[in-house]
Amino acid sequence: MSFAKAGNLGFPRMGGQRELKFALESYWSGKSGESSLLTIAQGLRANHWRLQRDAGIETPPSNDFSLYDHVLDMAATLGAVPARFMHTGGPVTHQTYFAMARGAQNAKAMEMTKWFDTNYHYVVPEFEPGMRYQLLSTKAVADYLEAKALGIETRPVLLGPASFVLLGKPTDASVARGQVLQAILPLYEELLSRLQVVGAEWVQIDEPCLCLDLDHDAEEIFREAYEALYRGSGLPKLMLTTYFGELGANLDLALSLGTAGVHIDLVRAPQQLTALLAKAPRELYLSLGLVDGRNVWRTDLGKAVALLESATMVLGVDQIQVAPSCSLLHAPFDLDAERKLDTSVRSWMAFAKQKLAEVALLAHAINGRVVIQNQLDENALLIASRKSSPLIHEQEVERRVRAIDGTMLRRRNPYPVRREQQARELSLPLFPTTTIGSFPQTAEVRKTRAAFRNGKIDQQAYDTFVEKETERCIRFQERIGIDVLVHGEFERNDMVEYFGEQLHGFVFSENGWVQSYGSRCVKPPIIYGDVSRPHPMTVRWSTYAQSLSKLPVKGMLTGPVTILQWSFVRDDQPRSQTCQQIALAIRDEVADLEAAGIKVIQIDEPAIREGLPLRRTDWPEYLNWSIQAFRLASSGVRDNTQIHTHMCYSEFNDIIDSIVEMDADVISIECSRSRMELLDAFHRVRYPNGIGPGVYDIHSPRIPEDGEIKDLLNKALEVLTPQQLWVNPDCGLKTRGWKEVELALTNMVETAAGLRTAIEAQT
Ligand code: GLN
Ligand code: ZN
């Protein structure tokens, strides 16, 4: 008899109670030693292997666990330790490993960046001239043997050589990626052969870069990598593992690499199965990613079985593995730990543990186990109940979405007209100063919010506290001479959660944590149904703050794209539609703020850029609906109401046209770290609206020196007109202390004033 297998690509590392997070933080702070950290990590691995095996995964992955990040693990394995960490040879110690991740006294941390389009961040390998690559660690072997000692046969996971080289970056133009590849291939070969010697039959070799647009050089990296590996003999079978999209134009390349197995993501790209089956060699072992590894919803097993059957019609069942679409690293751990979720909503959900059960069930189904039918039927009922549930559908919301028309997506008049009206309304000086929204969230603010949430203080005591903080913030801004004030956001825990908690269509888990980077986890809100706004969300605090001052106080909102991007999103309708619903809710809030006398309203959209699809061909569609959503949220106001937006980055070159399309009256962006160079894009398209290029880096406790801000502003004036220029920090100030904020903002205001006088004297 031959059977399809149930497989997995990776499991969340933190543990059900985030044990790893707490162990790491305790170790870093010196409260506990290395051995206690390692014992906890080992315990987690053992638990997770057993849990996977009990769920029906025959050969769970090993080496998917990491103390910080799997890309960093690979760098440490291959000896890619930058010189500043002074590694003198031998295995990389934990001290050096964590220094690479987090920095040390005299060595700044390696850069981190987003892992494809997830909210996980990896440590970017650095390729330095003269770097000596050598196999410094055999963690993959050790982990495999650790599982074996527990009686569990695993499939080791390695980040593949091509993706490793493509995801890292040469620190100098003299270093070519091809050379790095040549240097590390023998090390991969050695590692693979050691895995074979200890008994690993298969190795999962992750090459997610195959789901990106590859240029000729990148394709060559892939060809060279796998040609070389296949010249080696006595290696385990390789499962070439791709995820987060479709192979598309890289399909032929992927198949030409000659691996024994291939994994494809059929959640993101179900259409690629047909193309792959048409070209797959007869003996190919195929792993089908049928269960969404990146979301919290139950799988529609009926649909998955249909895909599975189309594969088994071409390849034998014994050549098929059922798996999640990608590593379950991106899903929360266990739905069983949730006690407070609405029971219907909960019945539609699956976290990592439940997803493994689905994988096993699908494998059983295709293997013809009759008993499975009940479970498939039960799944079909749940999926159907979700489709028709009144919890999900709000007729009024769906009607409003259908009724959206072009006039709702445009301000009444073009920017030059609005500009004049706003100037009359606000009478701001040249180079108006403002901030991005939040002021220091001191320990006292956080403690008081926690006390309120735990019922230790009542609503009135909490409100009084927030009023006091807000007033202090307003008085402070007035005292140092800021022109457009903010209320300080003391009532907010998080810029998405705050809104999600007040909107219909959202639920919050108690334990639905996912790793963001290192020990940092986030608990994204879950959007399960139509989104609507039962009551105003920010009017109370904005009007309170405005009542304290004659100067304009900005209303502060999070934009629809950012709310979408930082949540788990329902999978039963296009993301664009969910985004429109959120935009309508924000639009109503904007209208209420305006009606309540707020003259400047900022709609933050820090996540627009990170929402960009992995493939260029998919960009226009995304940019179209996301920009429309921003416009829908922001365009309902009068001409004399000023709309601001904020983004925490400044790589605008390739999306500048979309930024222009947003048509915000003022945009504030991150710019100080790149020394204003990134303003060029705005200059190139002659961006006409207001711009506040951040004049100091709020991510660092350093106080900018007097001359520094002035230099930056002068640089900005080389490409912007004086009438366009706003003066503000890079981002919100919530992570900073009051002392720093006071010094830095005072410098900022004084510099703006000095520049103003200088310019006015000239004209
Ligand atoms: N208004 C928010 C704040 O100041 C913006 C945060 C952000 O850009 N991520 O905190
Ligand atoms: Zn920001």
Side-chain angles (χ1 to χ4, degrees), residues 114 119 121 433-442 445-446 449 466 469-470 473-474 476-477 482 484-500 516-517 520 522 524-525 537-538 541-542 545 552-567 586 589-590 593 598 600-611 630 633-634 642-652 659 662 664 666-674 678 691-700 726-738 740-741 744-745 748:
K114 275 167 70 74
N119 282 330
H121 299 75
T433 53
T434 190
T435 61
I436 306 304
S438 57
F439 267 75
Q441 288 259 330
T442 55
V445 172
R446 279 178 279 127
R449 185 176 313 113
V466 176
E469 288 294 308
T470 307
C473 183
I474 294 285
F476 166 77
Q477 295 170 82
I482 300 260
V484 175
L485 314 190
V486 297
H487 73 284
E489 302 182 20
F490 302 105
E491 77 287 12
R492 301 185 190 177
N493 33 3
D494 170 272
M495 66 185 290
V496 171
E497 196 177 44
Y498 184 76
F499 291 91
S516 170
Y517 64 90
R520 264 284 263 268
V522 293
M537 302 181 283
T538 64
W541 290 113
S542 284
V553 180
K554 270 196 275 193
M556 231 10 101
L557 304 173
T558 302
V561 185
T562 300
I563 293 180
L564 184 86
Q565 198 60 31
W566 291 349
S567 300
I586 301 296
E589 186 71 15
V590 168
L593 283 171
I598 303 299
V600 183
I601 300 168
Q602 177 169 312
I603 306 174
D604 291 328
E605 281 291 19
I608 282 199
R609 188 165 216 295
E610 65 181 61
F630 178 84
S634 61
Q642 189 170 65
I643 296 289
H644 288 220
T645 190
H646 164 70
M647 296 175 186
C648 317
Y649 50 83
S650 46
E651 308 133 60
F652 287 110
I659 303 298
M662 288 170 77
V666 180
I667 180 173
S668 60
I669 56 177
E670 183 273 317
C671 237
S672 68
R673 279 173 292 180
S674 66
L678 295 142
I691 310 184
V695 294
Y696 83 89
D697 180 10
I698 63 91
H699 301 92
S700 145
W726 282 66
V727 179
N728 47 258
D730 261 357
C731 194
L733 302 165
K734 74 185 208 188
T735 56
R736 302 267 58 97
W738 271 102
E740 299 149 45
V741 163
L745 290 183
M748 183 186 93

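Each ligand, and each atom within it, is numbered from 1 in the order the structure gives. Just the heavy atoms: all of them, side chains too, but no hydrogens, waters or symmetry mates, feed the values below.
Rounding to 10°, one obtains 120° for the angle at the Zn ion (ligand 2) between NE2 (His646) and SG (Cys731).
Only the side chain of Glu489 comes within 4.0 Å of ligand 1, judged by heavy-atom distances.
Atoms of ligand 1 found under 4.0 Å from any heavy atom of Cys731 (numbered from 1 in listed order, with element): 7 (C), 8 (O). Within ligand 1, counting atoms from 1 as listed, the ones closer than 4.0 Å to a heavy atom of Gly732 are 3 (C), 4 (O), 10 (O). Listed by number with element, the atoms of ligand 1 under 4.0 Å from a non-hydrogen atom of Gly437 are 4 (O). Counting the atoms of ligand 1 from 1 in the order shown, those under 4.0 Å from a heavy atom of His646 are 8 (O). Near Cys648, meaning under 4.0 Å from any of its heavy atoms, are these atoms of ligand 1: 7 (C), 8 (O), 9 (N).
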**Asked** Yes or no on side-chain contact (heavy atoms from CB on, under 4.5 Å) for Trp726 and Val484, after CA distance, side-chain angles and deciding distance?
**Response** CA-CA 10 Å; Trp726 282 66; Val484 175; 3.8 Å; yes
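A salt bridge does not link Lys734 with Glu489: none of the charged nitrogens is closer than 4.0 Å to a carboxylate oxygen.
Among the atoms of Lys734, none of the N or O lies under 3.5 angstrom from an N or O of ligand 1. Here's the thing with Trp566: none of its N/O atoms is less than 3.5 angstrom from an N/O atom of ligand 1. For a threshold of 3.5 Å applied to N or O pairs, the pair formed by Asp604 and ligand 1 contains at least one separation below that value. For a threshold of 3.5 Å applied to N or O pairs, the pair formed by Ile436 and ligand 1 contains at least one separation below that value.
The closest side-chain donor-acceptor pair between Thr470 and His487, if any, does not fall under 3.5 angstrom.
Each of Ile601, Val600, Ile667 was evaluated against His644; a single residue qualifies, Val600, per the side chain to side chain contact (heavy atoms under 4.5 Å, CB included) test. With Gln441 as the partner, the side chain to side chain contact (heavy atoms under 4.5 Å, CB included) test is satisfied by one option alone out of Glu469, Arg446, Arg736: Arg446.
Taken to the nearest 0.5 Å, the CD atom of Glu497 stands 12.5 Å off from the CZ atom of Arg492.
Distance alone, capped at 3.5 Å, is enough to place a donor-acceptor pair between the Gln477 side chain and the Val486 backbone. For the pair Glu670 (side chain) and Met647 (backbone), a donor-acceptor distance under 3.5 Å is absent. Counting only distance, with no hydrogens or angles, the side chain of Tyr649 and the backbone of Arg609 share a donor-acceptor pair below 3.5 Å.
Nearest protein heavy-atom neighbour of atom 6 (C) of ligand 1: Met495 SD, 3.5 Å. For atom 3 (C) of ligand 1, the closest heavy atom belonging to the protein is Ser438 OG, 3.3 Å.
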